[in-house]
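What follows is a short report on a single structure.
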Amino acid sequence: MSFYSSKTLPKLLVKDFNLCHTLLCGQLFRVKKIDAWFYVIVKNRILKVRQSSPETLEYHGADKRFLIDFFALDEPYDDIIAHIDKDSHMTRAIKKFHGLRIVRQDPWECLISFICSAAANIPKIQLNLENLSEYFGEKVKLHGLEWHIFPGPGQLNNYKRIVMAKTGFRAKHIKAVNDTVDHSFLSFLNKLPYPEAKKALTQLPGVGSKIADCVLLFSLGFSEAFPIDTWIKKILQELYFKNKTISNGELHAFGRNYFGKYAGYAQQFLYMLAREKK
DNA sequence: CCGCAGGCCCCAC
DNA sequence: GTGGGGCCTGCG
């Protein structure tokens, strides 16, 4: 595909970072693995990256500063782990998935992604996002391949095409959100306290407690957000409630109180535990 | 006794 | 997953 050997690519020294865990923990969907490399479509760029050793990232398509921000490498990892390491279950998860990070993805794409996630699975979400990008997003060529940038707010302006992207009942939510939400609304949420930001998001059609928490956690820096999906529900009930059925509201309150200001990281570790048992 | 807020279940989307 | 309806409960 390229005459350049990997030796010519820049390297970034990393600590407490695992690329696979970070890219494959269900927070991002536009990730492709080709040979030994991951290709991640982030905003208007195609990031090509691999972890050639535990402490080395080789990359192309972005600069160092971008990588540090996107992968949240400036977060105090030891501190985060110390906060959520409350019991033997978490200790095990933290050890097993060490280096998992919560990325800082684009809030708009994150919002649409998780609207697509309602009653779906990961391959289906990926299909929806690929289709939406192909139908509405700008095309770019890189590494001999064609890629589509994710369409911005206002660009998802054709209901029929949104339906053609196989979004099903989510199509009307996507169209409505496209017509009412812009970048400034989303960046404004950053400045609000968690409860207010969440309330503003759940005002949007197709966005309830879970999806709001995903957007807050994965794109707006609210590390205390604690999304309850079916996987988390199952594992929380199993590990902390002797398999008793607990309402989502109660599980949410439990997670936030028990794990504290980095509850969202705890949620991701638990998600990984739940998925590997599948 | 009656009315409404809050919690929960159900089901179409 | 969400949202809206139906239904039960509890307090005023």
Side-chain angles (χ1 to χ4, degrees), chain A residues 25-30 102 105-132 135 150 153 156 158-181 185-186 189 194-220 222 224-238 240-257 263-264 266-268 270-275 277-278:
Chain A
C25 67
Q27 58 179 329
L28 276 170
F29 302 100
R30 301 199 70 206
I102 291 174
Q105 64 178 105
D106 176 63
W108 167 254
E109 181 176 340
C110 190
L111 175 60
I112 299 300
S113 300
F114 283 95
I115 288 174
C116 289
S117 80
N121 54 34
I122 290 174
K124 163 112 170 78
I125 301 164
Q126 287 172 331
L127 174 73
N128 287 170
L129 297 178
E130 283 324 298
N131 287 160
L132 290 174
Y135 297 165
F150 193 77
L156 292 164
N158 184 315
Y159 176 72
K160 288 217 161 146
R161 281 185 158 212
I162 298 173
V163 174
M164 280 183 356
K166 306 199 186 300
T167 52
F169 66 85
R170 306 154 197 85
K172 57 179 180 297
H173 300 147
I174 294 170
K175 181 62 167 59
V177 166
N178 175 76
D179 294 345
T180 53
V181 169
F185 168 79
L186 292 168
L189 298 180
Y194 169 77
E196 265 95 289
K198 182 161 179 176
K199 195 179 294 172
L201 277 173
T202 53
Q203 228 77 352
L204 301 172
V207 181
S209 175
K210 190 271 179 184
I211 291 176
D213 270 337
C214 287
V215 174
L216 293 170
L217 179 61
F218 301 138
S219 73
L220 291 168
F222 289 88
E224 71 267 54
F226 197 82
I228 305 292
D229 68 6
T230 139
W231 296 97
I232 296 301
K233 186 181 178 75
K234 207 172 136 199
I235 193 115
L236 283 177
Q237 288 175 165
E238 180 189 328
Y240 298 99
F241 297 93
K242 303 174 179 162
N243 273 322
K244 230 178 64 151
T245 299
I246 309 290
S247 76
N248 289 4
E250 263 181 274
L251 291 173
H252 182 260
F254 165 77
R256 301 220 326 127
N257 293 331
Q267 191 271 3
Q268 278 312 99
L270 290 170
Y271 177 84
M272 293 297 264
L273 268 192
R275 295 289 309 219
K277 290 191 186 171
K278 189 179 90 163

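Chain naming here is simple, since letters A, B, ... match the order of the sequence lines and numbering starts at 1 in each.
Using a 4.5 Å heavy-atom cutoff, the side chains of A:His252 and A:Asp213 are in contact. With a 4.5 Å cut-off on side-chain heavy atoms, A:Glu130 and A:Phe29 do not count as touching. For the pair A:Leu204/A:Leu111, a side-chain contact is recorded, criterion being any heavy-atom separation below 4.5 Å from C-beta on. Residues A:Lys172 and A:Pro205 fail the side-chain proximity criterion, which asks for heavy atoms closer than 4.5 Å. Residues A:Pro227 and A:Leu217 have side chains in contact (heavy-atom distance under 4.5 Å, counting atoms from C-beta outward).
Non-hydrogen atoms lying under 4.0 Å from DNA chain C are contributed by A:Ala118, A:Ala119, all within residues 112-131 of chain A.
Straight-line distance from the CD atom of A:Glu250 to the P atom of B:dC9: 11 Å, rounded to whole Å. Taking atom CG of A:Asn248 as the reference point, atom P of B:dC10 lies 14 Å away to the nearest angstrom. A:Lys166 places its NZ atom 18 Å from the C1' atom of B:dC13, with the value rounded to the nearest Å.
For DNA chain C, the span of nucleotides reached by chain A at under 4.0 Å from its heavy atoms goes, 5' to 3', from C:dG1 to C:dG3.
Counting non-hydrogen atoms under 4.0 angstrom, A:Leu204 reaches the backbone sugars and phosphates but no base.
Put simply, CD1 on A:Ile125 and CG on A:Leu28 are 12.0 Å apart, with the number rounded to the nearest 0.5 Å.
Taking the six-membered ring where the residue is Trp, A:Tyr240 and A:Phe254 present tilted rings, their angle falling between 30° and 60°.
Between A:Ile235 and A:Leu270 the shortest heavy-atom distance is CG2-O, 4.0 Å.
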